[in-house]
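First the structure, in the form of structure tokens, and then the observations on it.
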There are 2 protein chains.
Amino acid sequence: MTESQIKQAGLKVTLPRMKILEILETGGEGEGARHLRAEDVYRILLTRGEVVGLATVYRVLTQFEAAGLVSRHNFEGGHAFFELERGTHHDHLVCIKCGRVVEFLDEAIEERQRAIAAEHGFTLEDHTLNILGLCPNCQAGQPRPS
Amino acid sequence: MTESQIKQAGLKVTLPRMKILEILETGGEGEGARHLRAEDVYRILLTRGEVVGLATVYRVLTQFEAAGLVSRHNFEGGHAFFELERGTHHDHLVCIKCGRVVEFLDEAIEERQRAIAAEHGFTLEDHTLNILGLCPNCQAGQPRPS
DNA sequence: CGCTAGTCGAGAAAGCTTCTCATTTACTTA
DNA sequence: TAAGTAAATGAGAAGCTTTCTCGACTAGCG
């Protein structure tokens, strides 16, 4: 079924694409690390002994984004995070110490944003809301190594 | 009074710093263009015949940010925008075509964010909310050249 | 099985930002 | 006011993320 997603996007089903999609699905190793930088994906591939160029990772992630399979987020600090698109919009709560990301959705905020765009005569194409703070672990002085 | 701000930050009052602060205050030329990239500041200085290195612009803006005189925003696209800090928090409505920026503040959204951070056990250190859309001019097919 | 367009990997290159370091400047002390 | 000192500057090199180039390779089709 992941194959069909790639095909629907008008892309050929190749090994690098399958591997990258799989890493985005599983987060590489443990749980929850589903917000990955391009270099994270590349490093995970290397760890597994897979030979995929960094340029290919960027290229494929960009293609996936264009195809709507993946969404790209610009948190603070110059590099983008990629996340598998699951059809449900959400915003992010980001720990400024360990980088942990929690997703949330608040309909009251969504509604206010629509109203604000309208008030100023803007169309609403997209939005990014990132709340930055310290997660419970990092407040306790025990940053978990992600 | 701008001098005193610089001094309070523990920085020496130098010509480059005064000039950069002045550009941030006036926006360089016309009205409203108060969200400038480092390179914009640099270019405006050049236009005025001032000799200030790009490295100095970056250095000074970073120092001003640390001192709370300036805030840095990462809208889409790899480069940061700097804005004079006027003590009042606000979020941004950004035109994805002409780059025009409108500031807004919505207390309902602010309140919901505090609640969301608390629900997840996060401290709330900061947040960035950028609404992306088309401004009235660009919807009309007449992008104003900023 | 062979063709062809699409894809890949590696390294070069681009764009933004930071670093290095010799020179210059602001502020302090006499 | 002159001199000394620590900080700041400017120019270019370097760093980082991301994109581009291009010859080699491969998926998908006939």
Side-chain angles (χ1 to χ4, degrees), chain A residues 2-23 35-46 48-67 69-83 99, chain B residues 2-23 35-46 48-67 69-83 99:
Chain A
T2 57
E3 288 192 23
S4 65
Q5 289 181 301
I6 294 177
K7 279 182 186 164
Q8 283 178 17
L11 301 172
K12 287 185 179 175
V13 177
T14 64
L15 255 49
R17 286 183 183 150
M18 298 286 280
K19 291 175 196 163
I20 290 171
L21 203 47
E22 192 255 320
I23 286 174
H35 296 80
L36 302 171
R37 292 172 304 168
E39 180 132 10
D40 294 331
V41 174
Y42 176 65
R43 204 185 319 278
I44 291 169
L45 285 166
L46 284 190
R48 297 186 179 180
E50 311 281 8
V51 179
V52 174
L54 183 54
T56 299
V57 173
Y58 275 103
R59 197 187 305 127
V60 169
L61 287 173
T62 300
Q63 291 166 332
F64 282 0
E65 185 195 11
L69 298 181
V70 152
S71 56
R72 179 194 301 245
H73 305 290
N74 295 291
F75 299 148
E76 304 301 299
H79 47 268
F81 284 80
F82 294 87
E83 165 189 26
Chain B
T2 57
E3 289 192 22
S4 65
Q5 289 180 302
I6 295 176
K7 280 181 185 163
Q8 283 178 16
L11 301 172
K12 288 185 180 175
V13 177
T14 64
L15 256 47
R17 296 216 255 242
M18 298 285 280
K19 290 174 196 163
I20 290 171
L21 203 47
E22 193 255 319
I23 286 174
H35 297 80
L36 302 171
R37 293 170 304 169
E39 181 133 8
D40 294 330
V41 174
Y42 176 66
R43 204 184 320 277
I44 291 170
L45 285 167
L46 284 190
R48 296 186 180 180
E50 311 281 8
V51 180
V52 174
L54 183 55
T56 300
V57 174
Y58 274 103
R59 198 187 306 125
V60 169
L61 287 172
T62 300
Q63 292 165 332
F64 282 180
E65 184 194 13
L69 297 180
V70 152
S71 56
R72 179 194 301 245
H73 305 290
N74 295 291
F75 300 148
E76 304 301 300
H79 47 267
F81 284 79
F82 295 87
E83 165 189 25

| query | Checking ring pair (Phe, Tyr, Trp, His ring centres under 6.0 Å) against His79(A), which of Phe81(A), Phe82(A), Phe75(A) comes through? | reply |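 One option only clears the test, and that one is Phe81(A).
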
Compare the minimum distances between each of [options] and the side chain of [X], then state the nucleotide with the smallest one.
X        : options                   : value
His79(B) : dA10(C), dT17(C), dT18(D) : dT17(C)
Lys7(B)  : dT9(D), dC27(C), dT18(D)  : dC27(C)
Leu54(B) : dT17(C), dC27(C), dG9(C)  : dT17(C)
Tyr58(A) : dT17(C), dA8(D), dT19(D)  : dT19(D)
Ala55(B) : dG12(D), dC16(C), dG9(C)  : dG12(D)
Val13(A) : dA11(D), dG28(D), dA8(D)  : dG28(D)
Arg72(A) : dT19(D), dC19(C), dG10(D) : dT19(D)
Val60(B) : dT18(C), dC16(C), dT9(D)  : dT9(D)

In whole angstroms, how far is the [atom2] atom of [N] from the [atom1] atom of [X]?
X        : N       : atom1 : atom2 : value
Lys12(B) : dT24(C) : NZ    : P     : 16 Å
Glu65(B) : dT18(C) : CD    : P     : 9 Å
Phe64(A) : dT7(C)  : CZ    : P     : 11 Å
Gln63(B) : dA8(D)  : CD    : P     : 6 Å
Leu36(B) : dT17(C) : CG    : P     : 13 Å
Leu61(B) : dC16(C) : CG    : C1'   : 13 Å
Arg37(A) : dT17(D) : CZ    : P     : 7 Å
Leu15(A) : dG6(C)  : CG    : C1'   : 15 Å

Worksheet item: Angle, rounded to 10°, between the helical axes spanning five pairs at each terminus of the helix from dC1(C)-dG30(D) to dA30(C)-dT1(D)?
Response: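 End-to-end axis angle for the helix from dC1(C)-dG30(D) to dA30(C)-dT1(D): 30°, rounded to 10°.
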
Judged by nearest nucleotide, the residue sitting upstream toward the 5' end of DNA chain C, Glu39(B) or Thr14(B), is Glu39(B)

**OP:** Would you kindly compare Thr56(A) and Arg59(B) by the position of their nearest DNA chain C nucleotide and give the one closer to the 5′ end?
**Re:**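 The 5'-side residue here is Thr56(A).
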
- Query: Arg17(A) side chain to Lys12(A) main-chain N or O, any donor-acceptor pair under 3.5 Å?
  - Reply: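 Yes, Arg17(A) side chain to Lys12(A) backbone: donor-acceptor pair under 3.5 Å.
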
*Do the side chains of Thr62(A) and Arg72(A) get nearer than 4.5 Å, heavy atoms only?*
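Yes, close enough: below the 4.5 Å cut-off.
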
Give, for atom [atom1] of [X] and atom [atom2] of [Y], the distance between the pair rounded to the nearest 0.5 Å.
X        : Y        : atom1 : atom2 : result
Gln5(B)  : Leu11(B) : CD    : CG    : 11.5 Å
Ile20(A) : Thr14(A) : CD1   : OG1   : 8.0 Å
Glu3(B)  : Ile6(B)  : CD    : CD1   : 7.0 Å
Met18(B) : Glu22(B) : CE    : CD    : 9.5 Å
Leu69(B) : Leu21(B) : CG    : CG    : 6.5 Å

Comparing nearest nucleotides in DNA chain D, the 5'-proximal residue of the pair Gly10(B), Tyr42(B) is Gly10(B)

* Do the side-chain N or O atoms of Arg17(B) get closer than 4.0 angstrom to the phosphate oxygens (OP1, OP2) of dT9(D)? -> yes

